[in-house]
**Q** 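I'd like to ask you about the structure that follows.
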Amino acid sequence: MKRKQAAAAEQPTLDTVAETALAVIDEDGPAGLSFRAVAQRLGVSHATVFRRCGDFDGLLSACADHVAASLPLVPPEGDWADATETRFTGLYRLLSRHPGLVALRAGRSWLGPQMLGRLVEPQMAHSVAAGMDADTAIRVYRRLYLLTLGAVAFGDHRDEKKAVTSARAALAALDPEDFPTLTGAMNAVLPVLVDHGVYYEALRALIHAARAEHLPAEHLPAEHR
């Protein structure tokens with residue numbers, strides 16, 4: 001009995017499995033993730049990892065929720081626009097550190113308790129409290145979420161030099177007669193590919209547009225009332 005209890009105590013928790021799987025993704029790339037790769041790092045059988053997660057989707061969901069646990073907890077009081085920007089810039093910065101996980105999660109919803117509890121529920125609740133109906137609140141949330149996910153999915157900000165080098169090579173291979181604008185404006189195009197400011201500008205534009213269209217006048221800046 002004691003031997004069985006000791007063996008059970010040595011089994012990795014789901015959070016430990018997720019943390020290890022995330023390290024595999026970050027270090028070896030999305031293609032490196034497998035039950036065996038995680039099991040080797042943990043010093044257990046791949047069947048043990050499988051039992052913890054159920055299947056590969058379960059492993060990815062565990063990774064996603066492990067990451068989401070680091071999202072900022074934004075107080076519900078205060079300005080709606082400021083709080084919304086804080087929540088989504090937090091999501092952007094967090095996901096930018098794990099582009100491999102974003103790639104593997106493509107097409108899958110992020111519906112773990114940490115994501116729902118730290119981002120979706122407080123954002124929805126804040127929007128409704130500020131004056132939006134539920135349908136408008138979820139549509140506004142969805143626009144901001146898709147912008148954020150897309151900004152992360154289409155660029156690896158962990159190695160910006162590599163991203164620029166790859167893009168430069170791709171543009172240099174184009175025929176200037178077929179692509180005169182891209183090849184002629186290469187020096188203008190390349191820096192924007194890794195410019196975080198592009199995301200922040202787009203995020204603020206969506207937030208300000210949603211506030212102006214859907215919230216009562218008291219939520220607008222004084223100069224726009």
**Q** Thinking salt bridges, do Arg41 and Glu19 make one under a 4.0 Å N-O criterion?
**A** no
**Q** To check you understand the geometry: which heavy-atom pair defines the closest contact between Trp110 and Leu95, and what is its length?
**A** CH2-CD2, 3.8 Å
**Q** State the CG-CZ distance between Asn187 and Arg168, to the nearest 0.5 angstrom.
**A** 6.5 Å
**Q** Give the cluster check for Leu147 versus Met115: same hydrophobic cluster or not, with ILVMFWY residues linked at side-chain heavy-atom distances below 4.5 Å.
**A** yes
**Q** Mind running side chain to side chain contact (heavy atoms under 4.5 Å, CB included) on Gln114 and Leu71 for me, showing each step along the way?
**A** CA-CA 8 Å; Gln114 293 291 351; Leu71 285 169; over 6 Å; no
**Q** Taking atom OG1 of Thr136 and atom CG of Leu215, what is their separation to the nearest 0.5 Å?
**A** 9.5 Å
**Q** Give a yes or no on whether a salt bridge exists between Asp57 and Arg105, defined as a side-chain N under 4.0 angstrom from a carboxylate O.
**A** no
**Q** Taking a hydrophobic cluster as the set of Ile, Leu, Val, Met, Phe, Trp and Tyr residues connected by side-chain heavy atoms closer than 4.5 Å, whether directly or through intermediates, do Val74 and Val140 fall within one such cluster?
**A** no
**Q** Do you reckon Val44 sits in the same ILVMFWY cluster as Phe56, going by side-chain contacts under 4.5 Å, direct or chained?
**A** yes
**Q** Less than 4.5 Å apart, any side-chain heavy atom of Ser127 and any of Trp80?
**A** yes
**Q** Please report whether the ring centroid of Tyr200 lies less than 6.0 Å from that of Tyr92.
**A** yes
**Q** So which atom in Asp82 and which in Asp79 form the shortest heavy-atom distance, rounded to 0.1 Å?
**A** N-OD2, 2.8 Å
**Q** So, does Ser166 use its side chain to make a donor-acceptor pair with the main chain of Lys162 at under 3.5 Å?
**A** yes
**Q** Do any N or O atoms from the side chain of His126 and from the backbone of Pro76 form a donor-acceptor pair under 3.5 angstrom?
**A** yes
**Q** Taking all non-hydrogen atoms of both residues, which atom of Leu14 and which atom of Cys53 are closest, and how far apart?
**A** CD1-SG, 4.0 Å
**Q** Tell me whether Met186 shares a hydrophobic cluster with Val164, the cluster being built from Ile, Leu, Val, Met, Phe, Trp, Tyr side chains joined at under 4.5 Å.
**A** yes
**Q** Tell me yes or no: between the side chains of Thr84 and Arg211, is some donor less than 3.5 Å from an acceptor?
**A** no
**Q** Say you draw a straight line from CD1 of Ile207 to CZ of Arg143; how long is it, rounded to the nearest 0.5 Å?
**A** 12.5 Å
**Q** Please report the closest heavy-atom contact between Val152 and Val102, naming both atoms and the distance.
**A** CG1-CG2, 3.8 Å
**Q** Nearest 0.5 Å, please: how far is OG1 in Thr148 from CG in Leu94?
**A** 11.5 Å
**Q** Any link between Leu116 and Leu149 through a network of hydrophobic side chains (Ile, Leu, Val, Met, Phe, Trp, Tyr) touching at under 4.5 Å?
**A** yes
**Q** In Å, rounded to the nearest 0.5 Å, how long is the span from CG of Leu91 to CG of Leu203?
**A** 10.0 Å
**Q** Exactly one of Leu22, Leu59, Leu101 should register a side chain to side chain contact (heavy atoms under 4.5 Å, CB included) with Leu33. Which one does?
**A** Leu59
**Q** Decide whether Tyr199 and Thr89 meet the rule of one side-chain donor and one side-chain acceptor closer than 3.5 Å.
**A** no
**Q** What verdict does the side chain to side chain contact (heavy atoms under 4.5 Å, CB included) test give for Phe88 and Leu206, after you've listed the backbone C-alpha separation in whole Å, the side-chain angles of each residue and the deciding distance to 0.1 Å?
**A** CA-CA 12 Å; Phe88 281 94; Leu206 284 179; over 6 Å; no
**Q** Under the ring pair (Phe, Tyr, Trp, His ring centres under 6.0 Å) rule, collect the residues that match up with Phe35, sequence neighbours excluded.
**A** Phe50
**Q** State whether the side chain of Thr183 and the backbone N or O of Phe179 hold a donor-acceptor pair below 3.5 Å, judged by distance alone.
**A** yes
**Q** With rounding to the nearest 0.5 Å, note down the distance linking CD1 in Ile25 to SG in Cys63.
**A** 4.5 Å
**Q** Are Pro122 and Arg87 packed together at the side-chain level, in the sense that at least one heavy-atom pair is separated by less than 4.5 angstrom?
**A** yes
**Q** Mark yes or no for whether Arg52, through its side chain, and Pro12, through its backbone, hold a donor-acceptor pair below 3.5 Å.
**A** yes
**Q** Using modelled atom types only, decide if a donor and an acceptor are shared between the side chain of Arg36 and the backbone of His46 within a distance under 3.5 Å.
**A** no
**Q** Of all the heavy-atom pairs spanning Arg97 and Asp26, show the shortest one and how long it is.
**A** O-OD1, 4.0 Å
**Q** Contact between Val128 and Asp133 at the side-chain level, heavy atoms closer than 4.5 Å - yes or no?
**A** no
